[in-house]
Amino acid sequence: MTNERERTVATGADVDWDAAAAAFDDEPDHGLRAPEVRAAWAARLRSWLPAHPCDVLDLGCGTGSLSLLAAGQGHRVTAVDSSPAMVALARAKLAGQDAEVLRGEAAAPPVAEGRHDVVLVRHVLWTLPEPAHVLRHWRTLLRPGGRFVLVEGVWGTLSPVGTPAARLTALLAPVARRVHVERLSDDPLLWGKTVDDERYAVVASV
């Protein structure tokens, strides 16, 4: 992990995402530009999402890379980000797909309750105050039998930030069942490099 990456992670909640949007996809796991990185994320997403077409809510979608993969796998996607610049890039990336991109806060997205089968969130929950409250609200956005797909981790060496898997599973206990944790740290294709910090996905049914 580079020093620049550590500085970005350490202040993730305070980043000017409009200013960061133009270079956001330069990170291998953000833009998914390399075919092998894109294929690695596509395979994981295929294993996490339902096999049949469903309604996916991608919160904190950034430039829409995961939304694009989900739409490409036949799902109907609603993507939400608070940054106008990110929203503009995501709309361009998702043009022609069965997808809608909305501007709004990840913690309280501008969508109706009970309309989605999956809440998909990558590297966002750790930045939000009161994560337990946020998860309870996200639960209301899911249909019965829906699921959370949460990709999180702990980053940095000098001042680590993030949410350990054990902490997230505890937060999910009141709102979900059949919680499955999948370690992602040991798959360098996902990140475009070898990593040694804690990175994981949690798939939890409601």
In terms of hydrophobic clusters joined by side-chain contacts under 4.5 Å, are [X] and [Y] together?
X: V149; Y: L57; value: no
X: L49; Y: V181; value: no
X: L66; Y: V101; value: no
X: V111; Y: V77; value: no
X: V161; Y: V124; value: no

Find out whether [X] and [Y] are in side-chain contact, i.e. whether some heavy atom of one side chain is under 4.5 Å from a heavy atom of the other.
X: P84; Y: D18; value: yes
X: W138; Y: L59; value: yes
X: V195; Y: L190; value: no
X: P50; Y: R147; value: yes
X: P164; Y: E198; value: yes
X: S205; Y: H180; value: no
X: T163; Y: P131; value: no
X: L128; Y: E130; value: no

Exercise. Knowing that exactly one of H30, R33, K93 qualifies, which makes a side-chain hydrogen bond (donor to acceptor under 3.5 Å, both in side chains) with D25?
Worked result: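 For D25, the side-chain hydrogen bond (donor to acceptor under 3.5 Å, both in side chains) test succeeds with only one of H30, R33, K93, which is K93.
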Kindly compute the distance separating [atom1] ([X]) from [atom2] ([Y]), expressed to the nearest 0.5 Å.
X: L68; Y: C61; atom1: CG; atom2: SG; result: 11.5 Å
X: H123; Y: R199; atom1: NE2; atom2: CZ; result: 6.5 Å
X: S185; Y: D197; atom1: OG; atom2: CG; result: 6.0 Å
X: T78; Y: H116; atom1: OG1; atom2: NE2; result: 3.5 Å
X: T63; Y: L94; atom1: OG1; atom2: CG; result: 9.0 Å

For this session: Using side-chain contact (heavy atoms from CB on, under 4.5 Å) as the criterion, point out the one residue from V203, V175, V179 that pairs with F148.
Result: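 Considering V203, V175, V179, a side-chain contact (heavy atoms from CB on, under 4.5 Å) with F148 is found only for V175.
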Exercise. Hey, does the side chain of Q73 reach the backbone of A42 with a donor-acceptor pair shorter than 3.5 angstrom?
Worked result: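 Here the side-chain-to-backbone pair exists.
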Exercise. Between E152 and L168, is there a donor-acceptor pair closer than 3.5 Å when you use the side chain of the first and the backbone of the second?
Worked result: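 Not at all, since once roles are kept as given, no pair shorter than 3.5 Å links the two residues.
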For this session: Using side chain to side chain contact (heavy atoms under 4.5 Å, CB included) as the criterion, list what pairs up with D117, not counting sequence neighbours.
Result: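 Expected list: C54, D55, R143.
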Between [X] and [Y], which heavy-atom pair has the shortest distance, and what is it?
X: V134; Y: P129; value: CG2-O, 3.8 Å
X: G60; Y: D81; value: C-OD2, 3.4 Å
X: S65; Y: L32; value: CB-CD1, 3.8 Å
X: H52; Y: H75; value: O-CE1, 3.2 Å
X: A176; Y: A204; value: CB-CB, 3.7 Å
X: L141; Y: A112; value: CD2-O, 4.0 Å

For this session: Please test F24 against L89 for side chain to side chain contact (heavy atoms under 4.5 Å, CB included), starting from the C-alpha separation and ending with a verdict.
Result: CA-CA 10 Å; F24 187 78; L89 290 170; 6.0 Å; no
For this session: Please step through side chain to side chain contact (heavy atoms under 4.5 Å, CB included) for the pair R44 and D187, ending with a clear verdict.
Result: CA-CA 11 Å; R44 296 281 182 160; D187 187 350; 3.1 Å; yes
Exercise. So with a 6.0 Å cut-off around NE2 of H133, is the heavy-atom count from everything else above 12?
Worked result: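 No, because the 6.0 Å sphere around NE2 of H133 holds 12 heavy atoms or fewer from other groups.
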Exercise. Is there a side chain to side chain contact (heavy atoms under 4.5 Å, CB included) between L120 and D58 once you walk through the steps?
Worked result: CA-CA 5 Å; L120 170 66; D58 182 4; 4.1 Å; yes
Exercise. Does anything in residues 96-113 pair up under side-chain hydrogen bond (donor to acceptor under 3.5 Å, both in side chains), and if so which pairs, sequence neighbours excluded?
Worked result: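 Counting only pairs at least two positions apart or across chains, no side-chain hydrogen bond (donor to acceptor under 3.5 Å, both in side chains) contact touches residues 96-113.
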